[in-house]
Student: 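Take this structure first; my questions come after.
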There are 2 protein chains.
Amino acid sequence: MVLTGDRPTGALHLGHYAGSLKSRLALQDTHDQTLLVADTQALTDNADDPDKVRRNVLEVVLDYLAVGIDPTRTTIALQSALPALAELTLLYMNFVTVARLERNPTIKEEIQARGFGRDIPAGFLCYPVSQAADITAFRAGVVPVGEDQAPLIEQTNEIVRRINRQAGRPVLTEAQALIPTMGRLPGADGKSKMSKSQGNAIPLSASPEQIQAAVRGMYTDPGHLRAADPGRVEGNVVFTYLDAFDEDHTEVERLKAAYRAGGLGDMVVKRRLDETLQALLAPIRERRAQLARHPDYLLEVLRQGTERARAVTQLTLDEVRAGLGLFSLFSASR
Amino acid sequence: MVLTGDRPTGALHLGHYAGSLKSRLALQDTHDQTLLVADTQALTDNADDPDKVRRNVLEVVLDYLAVGIDPTRTTIALQSALPALAELTLLYMNFVTVARLERNPTIKEEIQARGFGRDIPAGFLCYPVSQAADITAFRAGVVPVGEDQAPLIEQTNEIVRRINRQAGRPVLTEAQALIPTMGRLPGADGKSKMSKSQGNAIPLSASPEQIQAAVRGMYTDPGHLRAADPGRVEGNVVFTYLDAFDEDHTEVERLKAAYRAGGLGDMVVKRRLDETLQALLAPIRERRAQLARHPDYLLEVLRQGTERARAVTQLTLDEVRAGLGLFSLFSASR
């Protein structure tokens, strides 16, 4: 079982496509896959705007289906509709110290990035525990994550070992991080990663004009003033995007060499990237628009996936409770 | 609605009787009352001994019924069988900062008492949030608590106000602490409060011989060496217990005066206390022994109470989720 997911805080964009959606399309051919729309986790740093989280739940489902996620092969589930995840989180919280959570490098960085300081919400500090509940509840053996998220898998496995030690038998199994070979896609401005909040993202639903404008304004090599000058390919966002999205790697390498040597203008390279992105996003945009006219279908996809996920996660909760020897008031299948 | 409860970590004792069980007997005549067997909360500082918690669940139910709690008038529910409480806890955790939890004086004291230091489990730090979930889920207007627990009600009401502000309307109502006029019953050794872990407790199931031995060894006035000497009543555990359990207050006051004046021996006062406690505990012990022969009945009482509590707590969760505008995938009654 492979588990991934997204916080529903905005429409998905090209960064998501390159970083995860593309590999999920491949994984659904070879693996039992679950995508979790992580609305509970989204609230840990959006408690003052739950509206945004609600509005984006179906947007994310729409993005999944538009890129080609097939709900008959991939389970799409809503985190907040899986009570077993909340119960497992509370259970696991007894096996993790506050000091350990504060040492988590991912949490440390995100606390800084979000400017929480000492006023970090308890839910945010504990979200690695919530994530451990997700991963273990689905018995996910493989978890594709960004490199910066690897410590979260380590935290999960510490909890797995702690629970198994307490139970005296392997109730839970450890998970492995699957770190993608490609790093994070930079934003169109070349600054940090692509992110809606940075205003440097190209959404999957971008119109042809939006794509064109984004490519036209894209960061290249500021020292490359005339086409005849030699230009830098490293840190040049247009080439980074061509590497990520242009299937014709030979042609991309040829363009890089010409750019480095001098004589190749930015406009030529940008035109190629524009054509590549237009070709990639046109069918996605079209499917997205078509599906958006059928919200009942989206709801039904999410409901059916969530029902399946309920059974799986409830079973794990029952097994963990039995393993720890907790009181069982109703038959285990309740 | 009045909500109280006990962590199932040991059999209940005279301290519980004087401090809470007695007033619960009165409350069930006048109020809608719920008693929560708080096994989830018990795990926050007993994660290494879940067995103890499980074994004591039915012991606590047994104690309730033995003292006269009537399950047709008082709802007895098992905390871990109420998933809505876990879901509310996780939700509320987003509205409380870690700094705020660390400032809670009850938590501060208990961290010291339990010697957790920096290695406090996350679940323990967050148990006031879990308690806020209990109180609000049952819409408890009145919460009888010891004086040292009053800050937990304040924490609950802060969460109530925060949720209501976010929702833009009064989704939840504030609770009031009901602090008993009588302080905590001291242990038989006169040291701190009565507690099983201190070995100074008289359990409700104590045999006549146990009661007699406990009273005989009870702490009085160490300066009162001869019956003829004047003795101190303050801090004298025998008199504290007579105040708590002897219905004939006039006679108790007369004995106090005689003890203070000199001429009244410890043995006389202890004999009176022994008779009082024997008369109080004999029928409780008898009912307890009788009920203990019917574990199926105890389970059924707990099941029925928990079913009722499930409906109430799930309704509150649905209302809070609707108030915050969270995504509703299934109809609200799910």
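Chain identifiers are assigned alphabetically (A, B, ...) following the order of the sequence lines, protein sequences preceding nucleic acid strands; residue numbering begins at 1 within each chain.
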Student: Looking at B:Asp51, B:Leu43, B:Leu91, which one has more heavy-atom pairs under 4.5 Å with chain A than the rest?
Tutor: B:Leu43
Student: Is it the backbone or the side chain of B:Leu101 that comes under 4.5 Å from a heavy atom of chain A, or both, or neither?
Tutor: side chain
Student: Going by the side-chain hydrogen bond (donor to acceptor under 3.5 Å, both in side chains) test, which pairs reach into residues 123-133 of chain A, not counting sequence neighbours?
Tutor: A:Glu110-A:Tyr127
Student: Is any side-chain heavy atom of A:Pro121 closer than 4.5 Å to a side-chain heavy atom of B:Met93?
Tutor: no
Student: Looking at chain A, which one of B:Val129, B:Val53, B:Leu58 has the largest number of heavy-atom pairs inside 4.5 Å, strictly under?
Tutor: B:Leu58
Student: Is the backbone N or O of B:Leu329 less than 3.5 Å from a side-chain atom of A:Arg303, with the two atoms forming a donor-acceptor pair by type?
Tutor: yes
Student: Apply side-chain contact (heavy atoms from CB on, under 4.5 Å) to residues A:Thr306 and B:Phe330 and explain how you reach the verdict.
Tutor: CA-CA 10 Å; A:Thr306 303; B:Phe330 300 106; 3.9 Å; yes
Student: Using a 4.5 angstrom heavy-atom cutoff, name the option from B:Gly325, B:Pro50, B:Ala122 with the most pairs to chain A.
Tutor: B:Ala122
Student: Would you name the heavy atoms of A:Phe327 and B:Leu302 that are closest together and state the gap between them?
Tutor: CE2-CD2, 4.3 Å
Student: What part of A:Arg321 gets within 4.5 angstrom of chain B, counting heavy atoms only: side chain, backbone, both, or neither?
Tutor: side chain
Student: Below 4.5 Å, heavy-atom pairs only: which of A:Leu78, A:Asn46, A:Asp45 has the largest tally toward chain B?
Tutor: A:Leu78
Student: Would a distance-only check, ignoring hydrogens and angles, find a side-chain to backbone donor-acceptor pair under 3.5 Å from A:Arg54 to B:Leu326?
Tutor: no
Student: List the steps, then state whether side-chain contact (heavy atoms from CB on, under 4.5 Å) holds for B:Asp48 with A:Arg162.
Tutor: CA-CA 10 Å; B:Asp48 52 356; A:Arg162 183 69 187 81; 4.3 Å; yes
Student: Taking heavy atoms only and a threshold strictly under 4.5 Å, list by residue number the residues of residues 83-90 of chain A that touch chain B; give 'none' if the list is empty.
Tutor: A:Pro83, A:Ala86, A:Glu87, A:Thr89, A:Leu90
Student: For chain B, find which of A:Ser80, A:Pro8, A:Ala47 contributes the most heavy-atom pairs closer than 4.5 angstrom.
Tutor: A:Ala47
